[in-house]
Number of protein chains: 2
Amino acid sequence: MTMNSVLENIKQAEHNCKEHGVRLTSKRKQVLSGLLQADKALSAYELVDQCKDESGKTMPAMSVYRILDFLAEEHLVHKLDSNNKYVACSHITCSHGHEVTQFLICEKCQRVDEINIDPSMIEQLQSNVKDAGYHLISPQLEMKCLCETCFTTFPHPN
Amino acid sequence: MTMNSVLENIKQAEHNCKEHGVRLTSKRKQVLSGLLQADKALSAYELVDQCKDESGKTMPAMSVYRILDFLAEEHLVHKLDSNNKYVACSHITCSHGHEVTQFLICEKCQRVDEINIDPSMIEQLQSNVKDAGYHLISPQLEMKCLCETCFTTFPHPN
DNA sequence: AATTGATATGATATATTGTATCATTAGAAG
DNA sequence: CTTCTAATGATACAATATATCATATCAATT
Ligand SMILES: [Zn+2]
Ligand SMILES: [Zn+2]
Ligand SMILES: [Zn+2]
Ligand SMILES: [Zn+2]
């Protein structure tokens with residue numbers, strides 16, 4: 001992501017936080033900015049390294065985890081359970097809600113696309129869940145994939 | 001799951017393994033049986049404890065991980081990325097394939113239901129992935145839920 | 001400006017999950 | 001029985017995550 005885009009995202013994130021009555025502190029900006037620049041999913045500890053590289057100062061892992069929790073609550077980043085990594089939300093500067101999020105995750109290069117789901121599909125998923133006697137609490141679909149580049153670059157089975 | 005059902009599942013699992021030219025050893029049976037009896041998702045280390053309780057002998061964590069890998073390859077257990085736990089396949093004694101598996105996971109009690117997806121839904125998911133320029137390599141949908149019991153028992157937001 | 005209370009961050013220890021590697025054992029095949 | 005392979009054990013360690021208490025920062029009030 002270009003530096004301009006990063007700044008634009010940060011600015012919008014700051015605005016969103018203000019509206020929610022919470023603060024996007026400089027550390028939180030630093031972490032979010034790191035994720036935006038990386039343009040892929042990073043682990044908490046990779047983010048520690050990235051912050052070190054950017055600023056020279058070490059950010060405690062504990063702080064990174066806390067900040068990632070905060071950013072996730074604000075829907076500014078998402079945690080990917082598939083690989084225990086974190087990715088910046090693709091929809092910070094647009095007005096998407098987050099009823100159901102779907103991620104396509106490249107297993108090789110950690111590139112992630114956050115795509116939209118057809119509302120009828122969401123409905124069907126919800127109704128499947130309900131029919132099975134469950135109550136959906138955190139709908140997030142993660143699909144383990146290869147991106148086009150990795151698919152053509154690396155050998156693969158099938 | 002009743003002891004009879006457990007034995008029936010083990011028997012079928014043994015048959016399946018024989019067909020694939022691999023061995024369902026006694027340790028592997030012990031782990032699979034532990035998961036079947038638990039009737040919910042367990043972590044690898046919870047399984048270590050369970051094996052200890054059942055047999056008196058300690059099974060090394062390393063072995064449990066290896067055995068879980070084996071069982072997963074045979075589609076006898078599934079790994080849930082959502083909570084880093086493992087669950088016995090619900091379809092050992094029936095003839096389901098595993099093109100796309102969908103799990104409803106209770107966040108409170110770790111109860112899991114492995115349900116079927118409508119083929120048209122699978123198709124649509126696949127086409128979404130393709131449209132985004134990705135290649136699906138391991139389709140497994142995990143939905144974080146509350147089961148009916150936990151939903152009515154515990155307080156919840158919304 | 002100083003006081004105070006709430007929020008954020010740092011420091012440290014520890015828990016949990018998972019892998020690498022080499023040694024040993026058990027099974028199948030000849 | 002021997003020999004080869006697959007399975008398991010033992011040990012060390014890496015990677016991910018949380019618990020807890022101390023300190024710093026910020027903003028409101030005096
Ligand atoms: Zn998002
Ligand atoms: Zn890729
Ligand atoms: Zn299954
Ligand atoms: Zn439950």
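Keep in mind the model is a prediction, meaning the values are calculated, not measured. In what follows, every chain begins at residue 1, and chains take the letters A, B, ... in the order their sequences are listed.
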Peer 1: Do A/Arg66 side-chain and C/dG10 base share a donor-acceptor contact under 3.5 Å?
Peer 2: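 In this structure, the two groups form a donor-acceptor pair.
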Peer 1: Please report the distance, rounded to the nearest Å, between NZ in B/Lys79 and C1' in C/dT19.
Peer 2: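 The answer, rounded to whole Å, is 12 Å.
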Peer 1: Hey, does the side-chain of B/Tyr45 have a donor or acceptor N/O within less than 3.5 Å of a partner on the base of C/dA15?
Peer 2: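 Result: no qualifying N/O pair found.
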Peer 1: What I want to check is whether the side chains of A/Ser120 and A/Gln124 have a donor and an acceptor closer together than 3.5 Å.
Peer 2: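 Short answer, no.
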Peer 1: Taking atom P of D/dA17 as reference, at what distance in whole Å does atom CD of A/Glu46 sit?
Peer 2: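 Roughly 11 Å, once rounded to whole Å.
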Peer 1: Whole Å only: how far is the CD atom of A/Glu74 from the P atom of C/dA8?
Peer 2: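 Value for this atom pair: 10 Å.
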Peer 1: How long is the gap from NE2 on A/His20 to CD on A/Glu73, to the nearest 0.5 Å?
Peer 2: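 One finds 11.5 Å between NE2 of A/His20 and CD of A/Glu73.
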Peer 1: Hey, does A/Thr58 have a side-chain heavy atom less than 4.5 Å from the side chain of A/Lys52?
Peer 2: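 Sidechains of A/Thr58 and A/Lys52: in contact.
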Peer 1: Expressed as a whole number of angstroms, how long is the span from B/Phe70:CZ to D/dT8:P?
Peer 2: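 Atom CZ in B/Phe70 sits about 9 Å away from atom P in D/dT8.
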Peer 1: Does the A/Gln140 side chain pair with the main chain of A/Lys79, one donor and one acceptor, at a distance under 3.5 Å?
Peer 2: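 Here the side-chain-to-backbone pair exists.
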Peer 1: Report the distance from atom CG of A/Leu71 to atom P of C/dA8, rounded to the nearest whole Å.
Peer 2: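 Atom-to-atom, A/Leu71 to C/dA8, this comes out as 11 Å.
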Peer 1: Within this structure, what is the NZ-to-P distance between A/Lys18 and D/dC26, rounded to whole angstrom?
Peer 2: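 It is 14 Å, rounded to the nearest whole Å.
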Peer 1: Can you check the B/Asn83 CG to C/dG18 P distance for me, whole Å?
Peer 2: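 One finds 10 Å between P of C/dG18 and CG of B/Asn83, rounded.
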Peer 1: Closer to the 5' end of DNA chain C via nearest nucleotide, is it A/Thr25 or B/Tyr65?
Peer 2: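 That would be A/Thr25.
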Peer 1: Give a yes or no on whether the backbone of A/Leu104 and the side-chain of A/Asp113 come within a donor-acceptor separation of less than 3.5 Å.
Peer 2: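 Side chain of A/Asp113 to backbone of A/Leu104: no pair is present.
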Peer 1: Is any side-chain heavy atom of A/Leu76 closer than 4.5 Å to a side-chain heavy atom of A/Cys17?
Peer 2: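 In contact.
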Peer 1: Check the interface with nucleotides 27-29 of chain C: list each N/O to N/O pair with the protein under 3.5 Å, or write none.
Peer 2:
unit_1: C/dG27; atom_1: O4'; unit_2: B/Arg23; atom_2: NH1; d: 3.3
unit_1: C/dG27; atom_1: O3'; unit_2: B/Arg23; atom_2: NH1; d: 3.2

Peer 1: Provide, to the nearest angstrom, the distance between the NE2 atom belonging to B/His20 and the C1' atom belonging to D/dA6.
Peer 2: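 Value for this atom pair: 18 Å.
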Peer 1: Does the side chain of B/Leu125 reach to within under 4.5 Å of the side chain of B/Val129, using non-hydrogen atoms?
Peer 2: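 No, their side chains stay 4.5 Å or more apart.
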Peer 1: Closest to the B/Asn84 side chain: C/dT17, D/dT8, C/dT9?
Peer 2: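 Shortest atom-to-atom distance from the side chain points to C/dT17.
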Peer 1: Heavy-atom contacts under 4.0 Å between residues 51-63 of chain B and DNA chain D, which residues?
Peer 2: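 Hits under 4.0 Å, by residue number: B/Pro60, B/Met62, B/Ser63.
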Peer 1: Taking the side chain as everything from C-beta on, heavy atoms only, tell me whether B/Gln110 gets closer than 4.5 Å to B/Leu42.
Peer 2: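 The answer is no, as the side chains (C-beta and beyond) never meet within the 4.5 Å cut-off.
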Peer 1: Any non-hydrogen side-chain atom of A/Cys109 less than 4.5 Å from a side-chain atom of A/Lys40?
Peer 2: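 Side-chain contact under 4.5 Å: no.
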